[in-house]
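All values derive from a computational prediction rather than experimental measurement.
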Amino acid sequence: MQIYGYLLMTSDVVLILSGATMYWLSPRLRRNWLLGYGSPRSMINDATWQAANRFAGTGLALLTLIAMSLQVRFWQVIETSELAQVISLVSILGLPFLVMYSTEKYLARAFRC
């Protein structure tokens, strides 16, 4: 299952880079649906666009780093157990949805929209 390890670490790196891009690059760009965190709530004005991208980028990068450290710590178990592989895969694939949920909650609380 060496290929599984390569795919898992590659997905971690892609998520970390996506979070860094959202944090540093997206707030400097004009609002768009293609690059950055583009929900209807974040597209209301430039302040919500910048806040959403900073929050989502930080959250995605930090949660991915935490998940990646747990994967490294429990790699022996993940490598030998199919259940552990499924759990690690679901946790990585679920991180963007967790970040979207928490970002929407943050925007609703911070901007009352």
| field | Cluster companions of Leu34 among Ile, Leu, Val, Met, Phe, Trp, Tyr (side-chain spacing under 4.5 Å) | value | none

| Partner residues of Ser26 under the side-chain hydrogen bond (donor to acceptor under 3.5 Å, both in side chains) criterion, sequence neighbours left out | none

| task | Return yes if some donor-acceptor pair links the side-chain N/O of Ser42 with the main-chain N/O of Thr48 below 3.5 Å, else return no. | result | no

| Cluster check Leu95, Phe97: I/L/V/M/F/W/Y, side chain < 4.5 angstrom | yes

| Can you tell me how far the OG1 atom of Thr64 sits from the CD atom of Gln71, to the nearest 0.5 Å? | 9.0 Å

| Which hydrophobic side chains are connected to Leu65, either touching it within the sub-4.5 Å cutoff or through other members that do? | Met9, Ile16, Met68, Val72

| message | Return the CD1 to CG distance between Ile92 and Leu70, rounded to the nearest 0.5 Å. | response | 9.5 Å

| request: With sequence neighbours left out, write down each residue that passes side-chain hydrogen bond (donor to acceptor under 3.5 Å, both in side chains) with Arg31, or none if nothing qualifies. | output: Asp46

| Leu15-Trp75 co-clustered via ILVMFWY side chain contacts under 4.5 Å | yes

| query | By the rule that ILVMFWY residues connect when side-chain heavy atoms come within less than 4.5 angstrom, directly or transitively, which residues belong alongside Trp49? | reply | Trp33, Met43

| message | Any side-chain to backbone donor/acceptor pair from Ser102 onto Leu98? Under 3.5 Å, distance only. | response | yes

| How would you list, by chain and number, every residue that makes a side-chain contact (heavy atoms from CB on, under 4.5 Å) with Leu89, sequence neighbours excluded? | Tyr4, Leu93

| query | With sequence neighbours excluded, what pairs up with Phe55 under the ring-ring contact (aromatic ring centres under 6.0 Å, His included) test? | reply | Tyr106

| note | Residues passing the side-chain hydrogen bond (donor to acceptor under 3.5 Å, both in side chains) test with Asn32, sequence neighbours excluded, are none

| note | By side-chain contact (heavy atoms from CB on, under 4.5 Å), Ser69 pairs with (sequence neighbours left out) none

| Euclidean distance, Leu62 CG relative to Tyr23 OH, rounded to 0.5 Å | 10.0 Å

| said: With clusters defined by side-chain heavy atoms of hydrophobic residues (ILVMFWY) lying less than 4.5 Å apart, directly or transitively, does Val90 cluster with Leu83? | reply: no

| With sequence neighbours left out, what residues match Gln50 under side-chain contact (heavy atoms from CB on, under 4.5 Å)? | Pro27

| request: Among residues two or more places apart or on two chains, list those pairs meeting salt bridge (Lys or Arg N to Asp or Glu O under 4.0 Å) that have a residue in residues 80-107. | output: Arg41-Glu104

| task | For Ala20, check side-chain contact (heavy atoms from CB on, under 4.5 Å) against everything at least two apart and list the hits. | result | Trp24

| said: Nearest 0.5 angstrom please: Leu35 CG to Thr21 OG1, how far? | reply: 7.5 Å

| query | Atom CG of Leu8 and atom OG of Ser91: how far apart are they, to the nearest 0.5 Å? | reply | 7.5 Å

| Euclidean distance, Gln85 CD relative to Leu7 CG, rounded to 0.5 Å | 11.0 Å

| So, for Ala52 and Thr103, which heavy atoms are closest and what is the spacing to 0.1 Å? | O-CG2, 3.9 Å

| said: I'd like to know if the side chain of Asn53 and the backbone of Gly36 have a donor-acceptor N/O pair within less than 3.5 Å. | reply: no

